[in-house]
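Working notes, structure below.
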Amino acid sequence: MKLISELRQDIVSGDWVVIARVRARRPHDFLGQKRVSFNQPKRTCPFETLAGDALLAYPVDGAGKKERWWVEVIPNKYPVFAKGICAVFNRAGIYQWTEGAGAHEVVVTKDHTRAFDAMSDEEVELVARAYQDRYTILKEDECAQYVSIFHNHGRLAGATIRHPHSQIIVLPVVPPDVGRSIKGSEEYFREHKKCVHCVMVKFEQEEKARVIYANERFIVIAPYASRSAFEIRIFPKAHSAHFEKMNGEERRGFAHALRIALAKIAQGLENPDYNFFLHTAPIKDEKKHSHYHWHLEIVPKTAIWAGFEIGTGIEISTIAPEDAAEFLRKIKV
Ligand SMILES: [Zn+2]
Ligand SMILES: [Zn+2]
């Protein structure tokens, strides 16, 4: 298959970027602000019927007919990364680049408008199961270094299709943000012989000020160093590096915590656009990453990156996480 993108490494920072030629854009396409129509009606929606090439489809009751599907996973028609030859690291003079080999899938829930905040626990749990099951298959790809799972809600969060859907992208490198998170966790472990996230979860449980919600297995907090207003993180209370290894009981706890968190921001902040994504251990060297503690991060679109943020990498949160947590804790959902 013809490759549609390449990853280039910044020679100074070591960070990777993707150069995608997917839509064969020309420079004049970038002139001005092109408004994308976001409120597609149901009749032109590409996600209304079960796709013929669906990679999986799960009905809510766990059995029964496929036509009663609640969640399906399909190949992305406009992938950023596509299956191809295993990434080889090439030189371009002084620079390094690699082919955008991997995979790009879309996780679709059946209802055209009903987002996570209005789903049932069972429905959210099925989505989590679809994430896990696809992850487990995709990580077997020998080119894969990382599987990124994320969800864009609303146009400001980057969604181009209104119908609720998440995405799964298989990458041939460990992405920079994940790499930094792994490195920080590893250094803390080397110094203290403890998982930094376990220490944080325990401290937050005692402190209570930043806890938004907790059940037996998961805790939802506003992080101490929140990067943006109303940023939320969901952690399993028990140490685990690999999100895909959740058992049924853990998945139920996770689904409930995710639904509650998203329902609270939808209700409390009047349905803001948001992104959420998973941070889990990279695929290779499983033993080496056992210090890591997987989690999910929710970032409501409460501000845009301006000159200061872009220039410094320092984000400004306009509400203290303690106040954000207190506000969200009180929202009844
Ligand atoms: Zn639709
Ligand atoms: Zn831990």
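Whatever order the structure lists ligands and atoms in, that order sets their numbers, starting from 1.
A salt bridge links K245 to E286: one of the charged nitrogens lies within less than 4.0 Å of a carboxylate oxygen. Of the charged side-chain nitrogens involved, at least one lies within less than 4.0 Å of a carboxylate oxygen, so that E326 and K330 count as a salt-bridged pair.
At a cut-off of 2.8 Å, C198 is counted among the residues with an N, O or S atom near the Zn ion (ligand 2). Metal site remark for the Zn ion (ligand 1): D111 contributes no N, O or S atom at a distance under 2.8 Å.
Here the rule is side chain to side chain donor-acceptor pair (under 3.5 Å) with H112, and of Q40, R162, E48, K42 only E48 fits it.
The aromatic rings of Y292 and H295 sit tilted, their planes meeting at an angle between 30° and 60°. Between Y274 and F276, the angle of the ring planes stays under 30°, which puts this pair in the parallel group of the 30/60° scheme.
Counting just the N/O/S atoms of E48, the one with the shortest distance to the Zn ion (ligand 1) is named OE2. When you scan the N, O or S atoms of H163 for the one nearest the Zn ion (ligand 1), you land on ND1. H112 has its closest N, O or S atom to the Zn ion (ligand 1) at the position named ND1. If you look at H239 and ask which of its N, O or S atoms sits nearest the Zn ion (ligand 2), the answer is ND1.
With K301 contributing its side chain and A157 its backbone, the two residues share no donor-acceptor pair below 3.5 Å.
To the nearest 10 degrees, the Zn ion (ligand 2) sees ND1 of H293 and SG of C195 at an angle of 110°.
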